[in-house]
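Since the structure comes first, as structure tokens, the remarks are kept for the end.
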Amino acid sequence: MEYITKGELNSNLEIFHKSKRIYHSTLTKKWFKSDVIKVYNSENSLLVEIKIKPFTNEYILSYINNNLLNGKLFLKNSKKIIVNDKLTFNYIKNCIPYKSNILLNQKEIAKVETKLLSFNHNHKITFSNENKEHVKYSLILFLISNTFLDLE
């Protein structure tokens, strides 16, 4: 399964599958207050809301839609989500430019390729695992990790 992302740096980000938008995120920047990332599904239902503490870049999960996300969710910085204490999703940026991976319990389930020399979010995410729950949480983690990039 292949997914495409589109968006601007430190702005809204969208994920498409077969030209249909399936997830998107928004970023609200606030001076001296927490920046807020919100992740939505294709029906515009809020899935999660994350606050980024100013000056520390600590990510705090402030809202989870329990009706749409099955189970308990734990966010560790912007690179790891733990679901129901069983599934651990990691987003790993490699030393090799433009290539990243998404891991499930330390096993690669997706490759992320970034368009070369792009100032926008143009990625191709290819999953080897077609489990819909795994794909959903992986894409949510990708949105959380890439909507706000601290480039300083």
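Thr147 has its side chain out of reach of Asn12: every pair of non-hydrogen atoms, C-beta onward, lies at least 4.5 Å apart. Using a 4.5 Å heavy-atom cutoff, the side chains of Ile52 and Ile37 are in contact. The shortest side-chain heavy-atom distance between Arg21 and Asn44 falls under the 4.5 Å cut-off. Proximity of Val48 to Asn65: side-chain heavy atoms (C-beta onward) are nowhere separated by under 4.5 Å. With contacts defined as side-chain heavy-atom distances shorter than 4.5 Å, the pair Ile109/Leu103 does not qualify. Residues Val112 and Tyr91 meet the side-chain proximity criterion, which asks for heavy atoms closer than 4.5 Å.
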Ser45 and Tyr40: CA distance, side-chain angles, deciding distance, side chain to side chain contact (heavy atoms under 4.5 Å, CB included) verdict
CA-CA 5 Å; Ser45 296; Tyr40 300 89; 6.0 Å; no

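Aromatic pair Tyr3/Tyr23: ring centres not closer than 6.0 Å. Within the 6.0 Å centre-distance limit, the rings of His123 and Phe142 are counted as a close aromatic pair.
A donor-acceptor pair under 3.5 Å is absent between the side-chain atoms of Asn90 and the main chain of Ile92, judged by distance alone.
For Asn41 and His24, the side-chain atoms include no donor-acceptor pair closer than 3.5 Å.
One distance of note links CG of Leu139 with CZ of Phe89; it measures 10.0 Å at 0.5 Å rounding. To the nearest 0.5 Å, atom OG of residue Ser34 and atom CD of residue Glu49 are 10.0 Å apart. Distance OG1/Thr28 to NZ/Lys51: 11.0 Å, rounded to 0.5 Å. For the atom pair CD1 (Ile4) and OG1 (Thr126), the distance works out to 7.5 Å, reported to the nearest 0.5 Å. A distance of 6.5 Å separates CG of Leu141 from CD1 of Ile102, quoted to the nearest 0.5 Å. Asp35 contributes atom CG, which lies 4.5 Å from atom NZ of Lys29 (distance to the nearest 0.5 angstrom).
The minimum heavy-atom distance between Leu47 and Leu69, with the atom names listed, is O-CD1, 3.6 Å.
Hydrophobic clustering of Ile, Leu, Val, Met, Phe, Trp and Tyr side chains at less than 4.5 Å, counting indirect connections, unites Phe55 with Trp31. There is a path of hydrophobic side-chain contacts, each under 4.5 Å, that joins Leu143 to Leu87. No path of Ile, Leu, Val, Met, Phe, Trp and Tyr side chains, each step under 4.5 Å between heavy atoms, connects Ile144 with Phe16, placing them in separate hydrophobic clusters. Under the 4.5 Å side-chain heavy-atom criterion for grouping Ile, Leu, Val, Met, Phe, Trp and Tyr, Met1 is connected to Ile15 within one hydrophobic cluster. Under the 4.5 Å side-chain heavy-atom criterion for ILVMFWY residues, a single connected hydrophobic cluster contains both Leu61 and Val39.
Checked for salt-bridge contact, Lys6 and Glu14 miss the test: no charged N lies under 4.0 Å from a carboxylate O.
Pairs engaging residues 101-110 under the salt bridge (Lys or Arg N to Asp or Glu O under 4.0 Å) rule: Glu108-Lys111 [sequence neighbours left out].
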